[in-house]
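Working notes, beginning with the structure itself.
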Amino acid sequence: MDASRARVIMLADLDYFYAQVEERKNPSLIGKPVVVCVYSGRTEDSGVVATANYAARKYGVKSGIPITLAKKRLLGIEAVFIAMNHDFYKEVSDRVMVILRDNADNFEQVGIDEAYLDVSQRTDFSGAEKLAMKIKDDVKKKESLTISIGVGTNKVLAKIASDMKKPDGLTIVRPGESKEFLAPLPVDKLLGVGVKTVERMESLGIKTIGDLASYDQGKLAEVFGKNLATYFHCASNGIYEEVVQERGERESISRIATLREDTRDLKAILEKTDKLCEEVNARVQQSGLTYRSVGIVVVTKSLGIRMRTKSLSGPTNDVMLMKKVVKELLQKYLEESSIEVRRIGVHVSNFTKKEKEQSQLTSFL
DNA sequence: GCGGAGATGGACC
DNA sequence: CTAACGGGTCCATCTCCGC
């Protein structure tokens, strides 16, 4: 590879983001385990951990585990449990993203706490460390938050590198070092390899990214299909060409909530969905959008996910129509299934930008 | 064969 | 002893259907 032409891609990741924001707001928390929780409202402690700081992680408390389990692991420890305050974190995130964007030639935000920066036009690898330190410094000075940065010749490498040293870390994988860097790492470090894929790879004897890199591509294709196999083969060999670019408009808006108890009672469920429809519609109208599809998501007692969607005859943002369609989908679902509903969600998609006064098409359906 | 619609699975934060 | 268990978004793939 021609090193002088290699792209310089960074992944900047806000460290234990929600919990760090809470620490910043209330410095007396620093040093104590801080656990930011999503309470479902079903019982006192039902819900999961969104983020925990490092003091909490020492006890095995991390994103995704039930709050009850987190409390068990922190029993007798002076820990702080905080309900998550999404709007607040979003405001902080927006300000940090401005700083990051200012430091990039091309920018791509991924979620609330991460972004890719293509900085190839403002530096090469010899200046990458200096630039990365400057960006970390900017965020620290302006927002009093630490971030971890990974640098590589593509997004996959940058992402993995960012995870090597945390928090407040910096890892640079120079051109030519990519393969040795990747080879010893477990496959699940690779972007797009989650629990299910790890299981399937393990049954093929693939444990490390190096195993994957040297695995027969044809056999890989038999198991994963051609597209995924090609991706796995290239990425594990340090090759990934996807460019860093701003994400387009959002393609769907949804809200999901947990019911107070498992039920199949239409009326009880509709009480919840009506509220959710109003919230979704408010967001849609705020963005000046109209949608052409409405759907429901049902999470069953046994945590299975079922979805139903319906296309409308034309674009709308009428909450009454949305509620009506949701009710129909729900009724039909309840007829088809005999399982109790645990969580219920609504979503809209298929957006069209609402230019002038577009006809609202509320009459039929 | 190609599209839209609809359902599912997987991934990630 | 095990199980416990949020919310939001995106993407790929598959099937079915009409054209």
Side-chain angles (χ1 to χ4, degrees), chain A residues 11 13-19 35-52 62-73 83-86 89-90 93 108-116 155-156 159-160 162-163 187-201 224-231 242 247-259 262 272 276 279-280 283 292-313 329 332-333 336-337 342-351:
Chain A
L11 187 281
D13 184 324
L14 282 146
D15 298 316
Y16 61 103
F17 181 48
Y18 300 165
V35 187
V36 178
C37 302
V38 190
Y39 290 100
S40 71
R42 177 166 277 219
T43 63
E44 172 88 6
D45 281 337
S46 64
V48 299
V49 172
T51 312
K62 53 182 181 180
S63 318
I65 70 168
I67 295 166
T68 51
L69 177 54
K71 292 212 163 167
K72 202 161 287 181
R73 293 191 175 163
M84 113 160 172
N85 184 354
H86 187 267
Y89 309 144
K90 179 71 166 62
S93 164
E108 177 178 351
Q109 188 176 342
V110 186
I112 197 167
D113 67 346
E114 275 188 29
Y116 288 104
K155 293 205 273 188
V156 169
K159 169 78 177 167
I160 296 176
S162 74
D163 198 45
V187 274
D188 66 353
K189 292 276 178 188
L190 207 57
L191 202 57
V193 177
V195 180
K196 300 290 177 181
T197 308
V198 166
E199 281 172 19
R200 291 202 280 170
M201 285 187 178
F224 297 103
K226 202 178 166 193
N227 285 345
L228 258 187
T230 304
Y231 163 71
E242 292 298 297
R247 297 267 164 121
E249 306 289 304
R250 218 207 318 262
E251 287 184 354
S252 68
I253 294 178
S254 61
R255 280 285 280 120
I256 184 166
T258 303
L259 297 166
D262 297 350
K272 185 67 83 175
L276 298 177
E279 290 174 30
V280 165
R283 287 173 59 196
R292 285 193 48 234
S293 299
V294 171
I296 59 169
V297 185
V298 175
V299 177
T300 63
K301 190 187 181 72
S302 44
L303 298 181
I305 299 173
R306 298 285 172 269
M307 312 177 61
R308 295 290 183 271
T309 58
K310 184 169 168 62
S311 294
L312 309 177
S313 52
L329 290 169
K332 205 185 293 176
Y333 170 80
E336 289 164 10
S337 160
R342 178 185 179 87
R343 299 167 62 206
I344 184 69
V346 301
H347 66 89
V348 297
S349 58
N350 232 316
F351 292 130

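Order of the sequence lines sets the chain letters (A, B, ...), proteins ahead of strands, with each chain counted from 1. No experiment lies behind these values; they were computed from the predicted model shown.
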With the side chain of [X] defined as its heavy atoms from C-beta on, choose the nearest nucleotide among [options].
| X | options | result |
| --- | --- | --- |
| A/Pro66 | C/dT9, C/dC5, B/dA5 | C/dC5 |
| A/Arg292 | B/dC13, B/dA5, C/dG7 | B/dA5 |
| A/Val38 | C/dT13, B/dA5, C/dG6 | C/dG6 |
| A/Arg342 | C/dC5, C/dC10, B/dT8 | C/dC5 |
| A/Ser254 | C/dC5, B/dC13, C/dG8 | C/dG8 |
| A/Ile256 | C/dG6, C/dG8, B/dC12 | C/dG8 |
| A/Arg343 | C/dC11, C/dG6, C/dT9 | C/dG6 |
| A/Asn227 | B/dC12, C/dC10, C/dT13 | C/dT13 |
| A/Thr197 | B/dA11, C/dC10, C/dG8 | B/dA11 |

Could you tell me how far apart [X] ([atom1]) and [N] ([atom2]) are, to the nearest whole angstrom?
| X | N | atom1 | atom2 | value |
| --- | --- | --- | --- | --- |
| A/Lys196 | C/dC11 | NZ | P | 22 Å |
| A/Ile65 | C/dT2 | CD1 | P | 16 Å |
| A/Tyr89 | C/dG7 | OH | P | 15 Å |
| A/Met307 | C/dA12 | CE | C1' | 14 Å |
| A/Met84 | B/dC13 | CE | P | 15 Å |
| A/Phe17 | B/dC12 | CZ | C1' | 16 Å |
| A/Leu228 | C/dT13 | CG | C1' | 10 Å |
| A/Lys155 | B/dA11 | NZ | P | 18 Å |

- Message: Please give the distance between the C1' atoms of C/dG6 and B/dC12 as a whole number of Å.
- Response: 14 Å
- When A/Lys272 is tested against each of A/Ile256, A/Val346, A/Thr258, A/Leu259 for side chain to side chain contact (heavy atoms under 4.5 Å, CB included), which residue passes? A/Leu259
- Do A/Tyr231 and A/Leu190 have side-chain heavy atoms sitting under 4.5 Å apart? yes
- Query: Does any donor atom in the side chain of A/Ser63 or A/Thr51 lie under 3.5 Å from an acceptor atom in the other side chain?
  - Reply: no
- Task: Compare side-chain N and O positions of A/Ser40 against OP1 and OP2 of C/dG6 and report whether any pair is under 4.0 Å apart.
- Result: yes
- Item | N/O donor-acceptor pair under 3.5 Å between A/Ser93 side chain and A/Tyr89 backbone | no
- Message: Whether A/Arg343 and A/Asp262 form a salt bridge (side-chain N of Lys/Arg under 4.0 Å from carboxylate O of Asp/Glu) is what I want to check.
- Response: no
